[in-house]
There are 2 protein chains.
Amino acid sequence: MAAATIKDVAREAKVSVASVSRALNDGRGVTAETSQRIRDAASRLRYVPHAAARTLITRRTNTIGALLPDLYGEFFSELIRGIDLAARARGLHLLVSSSHDDADAAAAALRAMQGRVDGLLLMSPHADAAFLQQNLPHDLPTVLMNTRLAGADYCALSVDNDGGARLMVEHLLALGHRRIVFIQGPSGNRDAAERELGYREALASHSPDSPAIVLHGDFSEESGYRAGQQVLALRPRPDAVFAANDMMAIGCMAALRDAGICVPEEIAISGFDDVPMARYVTPPLTTIQVHIAELGSQAMELLGEQIDNPDTVMAGTHRRVNAELVVRVSSGAPLV
Amino acid sequence: MAAATIKDVAREAKVSVASVSRALNDGRGVTAETSQRIRDAASRLRYVPHAAARTLITRRTNTIGALLPDLYGEFFSELIRGIDLAARARGLHLLVSSSHDDADAAAAALRAMQGRVDGLLLMSPHADAAFLQQNLPHDLPTVLMNTRLAGADYCALSVDNDGGARLMVEHLLALGHRRIVFIQGPSGNRDAAERELGYREALASHSPDSPAIVLHGDFSEESGYRAGQQVLALRPRPDAVFAANDMMAIGCMAALRDAGICVPEEIAISGFDDVPMARYVTPPLTTIQVHIAELGSQAMELLGEQIDNPDTVMAGTHRRVNAELVVRVSSGAPLV
DNA sequence: CTGAAAGCGCTTACAG
DNA sequence: CTGAAAGCGCTTACAG
């Protein structure tokens, strides 16, 4: 048996298809009695309106698209979870697309989304100004997430990397540390750059005498290990290390441990992200927690606002998701 | 400017819409010259066919739906990644829906997917026989993933929990351990039950004299810690612990460490899953690695086969994804 | 090879 | 309140 259509319901309830449509949608313009008869017929026939037919005429898909760079790891799983939750709350479906190796693939994915979604959540390393100009349908509500670009032409949402980094530096300074090394993330990575900026700013404003000491890294554990070895060679030896992400902090701890250095007694260590394993390493890692799921939810909210108010100009709206300090053993704070 | 339609392209290329459709689809029934003119017009107008209109007539959405219980954690992120990769390879879009608190919510999600997808990947704790019978559109290709049920009526794909558990027991036996404790997962969880079965079978067949010693657990780290405390009280003391998942193994290690027991010198520990932090705990955890992404990809493949061959009866097809032994320090094996 | 026309399943003015 | 009809954008027999 093929799926029932609105015609079948109309026949079953002995009314016109127009009445079926009215009864099942806003419910107005139909007597309660007729409406009930129609509903009965619909459920008897297990009628589900054909989404494509409805989309064709209403111009609404009730679906939003999320274009992500990758789906690897906890970060994206949390991000999608947050998006999904907020989308569901609005009765919207979620179409995901990821792992576009190059700008062409991302553009193709963007094109394929056209007509399938009412709005777009976009996080892509390829999404620079030219790319967006070229590939983004002009009338499609879009929210940029953590892309390198956050110009006045688009809505954007990002993590408060800067503020989070400042919190960490203030924490380390408050513990009396003065020589605080920063391990960088990959060059060209905006999150990493913002974290470094926060580090430099906080140091300059709260402890002008403390030098900014920056070591190279690329977010990998290995690069953290190598940075840890460099830390050991520095004279005078640093009090503390602040890595631009947790994995490098963990790598750095391994290097210090291999050299017989005690953390946090001899050197404090801290990271950024609060990955799940941060609490399980030895010693547990002090870090900055980012509410990834909230990033997703808020982006979805922002997108929802745009979709609901197509005439309101929201371009240029830029919001930030808070980052919080999570104090554990590795920074050497007295834990209450 | 509204998006261009097929009519606009037809006008621009001075042909009928029928020719545009033919040129842009199979390309047959049109001279090369006309075809080229149409393609030029289409790209000039940035024409993208309206997905809903096409779906309405072709009855194909080129989208598959994934109904998942939750999106929390590494497992689902890997699963979606695998699904997405395989879907993309087939030119299919991916619609995800998750976190259905009860059977009603799951049923609603299922209904909402109807007409939006060409096939369904289903992993849900609510999906028992009655639920599927009641809510699954009969003509929609579906693959069940790790649901409690894998009857002859559906296609299914699952992890070889049983085989994985056997591999682990054989590994521990080969190392000379004879009193091997098993920490259970939550009751009612099929994965957990299969892992326990594998443990019992391997023990019975390879070391009939070794007693099966089973402690309660629920997959949480805390329950692993409690089980670890129970292990300490057992007399004679066990040689080894095999936890039904990694988090419990990690909790158990913490309990042993707190009691001053050395792992693996005094007791070997092992888990199941190979979560990312398994390699970072001290000592690194011997475990069973499950290729989650592959689980997703294979499910997608199986679904693709069904979609491509609607007449072939594939109900009852049941495939399994391999699980592999990953030897690290915690089981006490001599590492080469 | 090419075009006119029907039709996919729905919603929404427009009459009555 | 209710129904007949137009139309959303596409594809596909059917003629020519």
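Naming convention: chains lettered A, B, ... in sequence-line order (proteins, then strands); numbering from 1 in each chain.
A donor-acceptor pair under 3.5 Å is absent between the side-chain atoms of A:Thr63 and the main chain of A:Leu94, judged by distance alone. A donor-acceptor pair is defined here as one N or O able to donate and one able to accept, closer than 3.5 Å; such a pair exists between the side chain of B:His50 and the backbone of B:Ala52. B:Asp118 places a side-chain N or O within 3.5 Å of a backbone atom of B:Asn62 that can act as its donor or acceptor partner. A donor-acceptor pair under 3.5 Å is absent between the side-chain atoms of B:Ser97 and the main chain of B:Leu67, judged by distance alone.
Residue B:Thr34 is classed as a sugar-phosphate contact, given heavy-atom separations below 4.0 Å to backbone atoms only.
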Going through the distances and angles, do A:Arg37 and A:Glu33 end up as a salt bridge (Lys or Arg N to Asp or Glu O under 4.0 Å)?
CA-CA 6 Å; A:Arg37 200 167 76 242; A:Glu33 191 192 4; 5.3 Å; no

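Nucleotide D:dA13 is matched to nothing when pairs are restricted to Watson-Crick or G-U wobble geometry with both distances under 3.5 angstrom. Judged by Watson-Crick or G-U wobble contacts below 3.5 Å, the nucleotide D:dA4 has no partner.
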Scoring nucleotides 7-16 of chain D by protein non-hydrogen atoms under 4.0 Å (B base, S sugar-phosphate only, - none) yields BBBBBBB---

